[in-house]
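Counting starts at 1 for both ligands and their atoms, following the listed order.
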Amino acid sequence: MKRSYFAALWLCLLFVATPGCAQKTDYSPTVGQAGKDVIWVPTPQTLVDTMLDMAKVTASDYVIDLGSGDGRLVIGAAQRGATALGIEYNEELVALAILAAKEEGVSAKATFKKADIFESDFSQATVITMYLLQSLNLKLRPKILNMKPGTRIVSNSFDMEEWKPDQTTTLEGAAPEGASSSWQTAHLWIVPAKVDGAWKLANGQIRFVQNFQNITGTLTIKEKTTALVGKLDGNKIRFSAGDVEYVGTVSGNTISGTHGGGVSWKATR
Ligand SMILES: C[S@@+](CC[C@H](N)C(=O)[O-])C[C@H]1O[C@@H](n2cnc3c(N)ncnc32)[C@H](O)[C@@H]1O
């Protein structure tokens, strides 16, 4: 969203008679004001754009911002054509965000609801954005790990402890006025498919030990066992066993792909 937009919105909020203001409101949130589980601090626009870039948001996405504040991430996603929902506990912020979406002409794509993120079902999202706290990210983590493999999660500033991000971006340059010290960093995770355990091959078996997106384990073919190490990127799997590279796609209880540059393999459980 254009930075100038929020300046205009603030003017709308202060001087409700300003032409072009969609609707009047005299609510004016204060940076750092209390929220149900975390205070309101808006993500600077540069980082909003970076977060949406990192998640590669397109028109086919359904983006949910958990604790959506004044709606800037939801509106930014809708401006990229995505369907987007903001879940926010403070109803005055919800009203402000609805007004902002209207002002930006994206009300059809950007909607908001007053709800507690911990009591909400966000399982249908293809992208989750959030600016909460590490402790809240960790509380949400089990639900997030149960989302569809490939779902992208982007967090302003706060990580998810031992679930290391797939990507971290830190913006260069000076912080915008009034921004917190962690204004410039965003993390991205891709929800990995679940592969932990034993899988059968036509001529042997694989045992995966999964640690979030990282895998170790063994590959046994014709009674010869080799250690393996690899990674998951959503439902895409890649590992090496000895000097052989395996790639594949996980689809429920089947993994199919190629190894050694073109030989097909398939595992089931
Ligand atoms: C740090 S602000 C981030 C706002 C917005 N996502 C952004 O990045 O600009 C966190 C927001 O979460 C909201 N919030 C806190 N606890 C919540 C809860 N349990 N359910 C829904 N919203 C909550 C706060 O009111 C606040 O607007």
With the threshold set at under 4.0 angstrom, would you say [X] reaches ligand 1 through any of its heavy atoms?
| X | result |
| --- | --- |
| Ile39 | yes |
| Val38 | yes |
| Ser120 | no |

Point to revise | Candidate pair Asp233 and Gln213, rule side chain to side chain donor-acceptor pair (under 3.5 Å), full reasoning | key: CA-CA 7 Å; Asp233 176 4; Gln213 67 273 61; over 6 Å; no
Check your understanding: N/O of Ile117 under 3.5 Å from N/O of ligand 1, yes or no?
Key -> yes
Which residue owns the protein heavy atom closest to [atom], what's the atom, and how far is it?
| atom | value |
| --- | --- |
| atom 16 (N) of ligand 1 | Asp37 N, 2.9 Å |
| atom 22 (N) of ligand 1 | Tyr89 N, 3.2 Å |
| atom 8 (O) of ligand 1 | Thr43 OG1, 2.5 Å |

Point to revise | Cluster overlap Leu232 with Ile153, hydrophobic side-chain contacts below 4.5 Å | key: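 No, Leu232 and Ile153 fall in different hydrophobic clusters.
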Exercise for review: Within a distance under 4.0 Å of any heavy atom of Asp116, pick out the atoms of ligand 1 and give their elements.
Suggested key: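 Numbered from 1, ligand 1 contributes 18 (C), 19 (N), 20 (N).
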Any idea which part of [X] is under 4.0 Å from ligand 1, heavy-atom wise: side chain, backbone, both or neither?
| X | answer |
| --- | --- |
| Asp70 | neither |
| Arg72 | side chain |
| Asn156 | neither |

Point to revise | Gly35, Gly67, Pro42: member with heavy atom nearest to atom 4 (C) of ligand 1 | key: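 Minimum heavy-atom distance to atom 4 (C) of ligand 1 goes to Gly67.
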